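A short write-up of the structure that comes next.
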Amino acid sequence: MRICVADVDGRRLLRPVDDAGRPRPPGAAGRDETSLGDVPPDVRVVWAETAAVYPQLYADGVRIARCHDLAVTEGLLLGHEGRWSEGRSPAAAWARLTGAPPPPEPQPRGDQPWAPDAETQETLFDVAPGPAGGALPAGVEPLAAVVALHADQQARVAAARREVPGFALLVAAESAAALTAVEMTHVGLPWSATVHDALLEEALGPRPVHGGRPARLQAVAEELAALLEEPRLNPDSQPELLRALRRAGLPVRSTRRHELQSLDHPVIEPLLRYRELARLHAANGWAWREHWVRHGRFRPEYVPGGVVSGRWASRGGGALQIPRAVRGAVVAEPGRVLVVADAGQLEPRVLAAMSRDRGLVAATRQGDLYAALAAEALGRPEARADAKLGMLSAMYGGGAGSPALAALRRRFPAALELLEDAARTGEDGGSVRSVLGRASPPAADGWLDGPGDEAAGGRRRAYGRFTRNFVVQASAADWASVLIASLRTRLHELAGPGPSDGAGPHLVFFQHDEVMVESPQALAGAVVEAITAAGAEATRLVLGDADVHVPLDAAVVRSYADKP
DNA sequence: ACAGACCGCGCC
DNA sequence: AAAGGGCGCGGTCTGT
C-alpha cells in the first residue's frame with residue numbers, strides 16, 4: 001500500500017494507490033489517513049522530492065518510515081534507460097509524460113564529461129516555497145501529477161527489473177537514503193568544543209585573538225623562513241615556496257608531500273610539520289567550528305547520491321573528511337554512547353561477489369583480505385602492503401608493471417577480467433552498471449574524440465579508469481545504501497513510538513562504508529545487534545548467494561577517536 | 001572587488 | 001606501453 005502526497009495552496013493532499021500506482025477508492029484500505037502523521041509504517045509515502053518536503057515534516061516531529069522519491073527514482077530510471085540527456089526533475093518527467101512544454105534544464109557543470117547534472121533545487125510541485133521556476137504549468141493538479149508519475153515509474157521499474165533484478169531494491173534503498181540524510185542533517189553529530197579546543201591548543205598553541213597564525217604555526221613559519229634564507233616567505237604560497245626550495249638547491253617539480261618526503265634536506269621536516277598544522281587550522285580549526293557547530297552539534301548537509309557512483313556527498317564543513325586528528329571531539333553526551341562500525345575492505349569483497357571469482361570469494365572468508373591476498377596470491381605473508389596496492393591499482397586503473405598486480409591477475413582471473421571489461425567499455429564510450437543497476441553516464445558526444453590523437457587516447461584511458469572504478473565503487477554504494485535503509489528501520493523499532501527526535505538511538509554519521517549511531521547507553525548492545533543484522537541483510541540482498549563475507553564489526557565508544 | 005582555476009590534502 | 005578511482009574545501013593566484 002502506498003500514499004501519494006502533494007501540497008496544494010498550503011494544504012497537504014493524500015491519495016492511496018496500490019503498488020502499481022493505481023488509485024484506490026477512499027475507504028478501500030479500511031483507513032483514510034488525513035495527515036502524514038497518521039501513516040502507518042508499512043505504507044510507503046510517494047512524493048516529489050524528500051529533500052524538499054521532509055526537513056520541515058521531521059522538524060515537526062513526524063517520522064516517515066518509507067517513501068518513494070520521484071526525483072531520485074527518475075534519476076535512477078533515466079540512467080538505466082540510457083537517457084542521460086533528459087531532465088530528471090519531476091517537472092521534466094511530467095512534461096515527457098503529458099507532452100507539456102519542458103521546464104528549463106539545469107546547466108551542466110561543464111568540466112565533467114557527462115551531462116547534465118542531477119542537482120537541481122527545483123521541484124515543480126510547490127511542496128515547499130522555493131525559488132521561482134519550479135511551478136507546474138497552469139492547470140496541472142499536483143496530486144494527480146504525483147499519482148501519474150508514480151504509476152509511470154512503477155511500470156518502468158518493473159521493466160528494469162527484468163534486466164536487473166535488484167533494481168526495485170535500489171529504488172527503495174535510495175529513497176530510504178534520502179529520508180536518512182534529512183534526519184541526519186537535522187540531528188547532527190555531537191561535537192565537544194572543550195575537547196576540540198584542547199586538541200587545537202595542543203597542536204597550534206592558544207587561539208589567536210585577532211586572527212592570523214596561531215603561535216606554534218607562526219614559529220614554524222619563521223623557522224622555514226630562516227632555513228630557506230627568505231625572511232618574507234609565506235609558506236602558504238605554493239609558487240613562493242617552490243622558488244625558495246629550488247634556490248636552496250632542491251630539484252623539485254611541485255611542493256607535494258610525496259615529492260618532498262623523499263628529499264634529504266633540513267627544511268623538509270619543519271615544512272611538512274607546517275603543512276600539517278596549517279591544514280588543521282584552516283580546515284578544522286576555530287573558524288570552522290564557529291561556522292559549522294551549533295549547540296554542541298556539527299550539522300552538515302548530506303547529499304545522498306551526490307556522486308555519480310551513488311556515494312553520498314556533503315555540503316558544508318567537509319563532513320566526509322573529518323580528519324583523524326580531531327575525531328576526539330566527537331563525543332557522546334553523558335549517559336549516551338557512540339556505536340561505530342565500518343565494513344572493512346568493502347570494494348574488493350563486492351568485486352568478489354560480482355565476478356564470482358572463486359579464489360577471491362574464498363579470500364573474503366579472512367578478516368583481513370589484503371593479508372590473505374599477500375599470503376595466498378603473492379606467497380609472501382609479509383607483503384600485505386604490496387597486495388593492497390596491487391588490488392587498489394586493479395580497481396583504480398594504475399599499477400602498470402606492478403608485480404603484485406600481475407600475480408593477482410593470475411590468481412583471480414575472473415575478478416580482474418570484470419574490471420578490465422569495464423575499462424574497455426569506458427574506453428569505447430559505453431556505460432557500465434552497479435550490481436543493483438545504477439548506470440554510469442556514457443561519455444558525452446565528442447568528448448572522447450576531442451582534439452589531438454594523443455590527448456584523445458589519454459581521455460579514453462581516463463574514461464576507462466572511471467568505468468573500471470565505477471563498477472566497484474557504485475556496487476559498494478549499493479551495499480551501503482541497503483545497509484543504511486535496513487539499519488534505519490531497525491533503529492526505529494528499537495526506539496519505539498514517540499517523537500521523531502526523541503532520545504532513542506539515531507544514525508548520526510555515514511561515510512561510504514562506515515556508520516555511527518548515537519544511543520542511550522542502555523541500548524548499546526541492541527544497537528550493535530542491529531548493525532550486525534543490517535550488514536548481514538545488505539550482504540544477502542545485494543551480494544546474493546555469492547557466499548562472500550563482509551565483516552561489519554561494531555564498537556561501543558564514548559568518542560570517535562576511541563574507535564578501534 | 002570578484003570569480004574561477006590551480007594546488008595541496010583530508011576522507012573513503 | 002602506460003594509465004591509479006571518487007569527493008569537498010581553503011588559500012593563493014590570475015584574469016576580468
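Naming convention: chains lettered A, B, ... in sequence-line order (proteins, then strands); numbering from 1 in each chain. It should be emphasised that the depicted structure is a prediction, and the values quoted were computed from it without experimental measurement.
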* Tell me what A:Arg256 touches on the nucleic acid: a base, only sugar-phosphate, or nothing, going by heavy atoms under 4.0 Å. => sugar-phosphate
* Between C:dG8, C:dG6, C:dG4, which nucleotide gets closest to the side-chain atoms of A:Val307? -> C:dG6
* To do: Ignoring the backbone of A:Arg324, work out which of B:dG8, B:dC12, C:dC7 is nearest its side chain.
  => B:dC12
* Calculate the interatomic distance between A:Glu347 atom CD and C:dC7 atom P; express it in whole Å. => 13 Å
* Name the closest nucleotide to the A:Gln511 side chain, picking from B:dC11, B:dC9, C:dG5. => B:dC11
* A:Arg461 side chain, from C-beta outward: closest of C:dG8, C:dA2, B:dG8 -> C:dA2
* Asked: Given B:dC12, C:dG5, B:dC11, which nucleotide is nearest the side-chain atoms of A:Pro323?
  -> B:dC11
* Please figure out whether A:Ala400 or A:His512 has its closest DNA chain C nucleotide nearer the 5' end. => A:Ala400
* Output field: ring centroids A:Tyr560/A:Trp191 closer than 6.0 Å -> no
* Asked: Do any of residues 228-255 of chain A sit with a heavy atom less than 4.0 Å from DNA chain C, and if so which?
  -> A:Asn234, A:Asp236, A:Ser237, A:Pro239
* Check every atom of C:dG6, C:dA3, C:dG4 against the side chain of A:Gln473 and return the nucleotide holding the closest atom. => C:dG6
* **Nearest-nucleotide pick for A:Val308, side chain only, options being C:dC7, B:dC12, B:dG10** => C:dC7
* Mind calculating the distance between CG (A:Leu405) and P (C:dA3) to the nearest angstrom? => 13 Å
* To do: Looking at every strand, decide which applies to A:Ile322 at a 4.0 Å heavy-atom threshold: base, sugar-phosphate, or nothing.
  => sugar-phosphate
* Asked: C:dG4 base stacked by A:Tyr396? Criteria: ring centres under 5.5 Å, plane angle under 30°.
  -> no
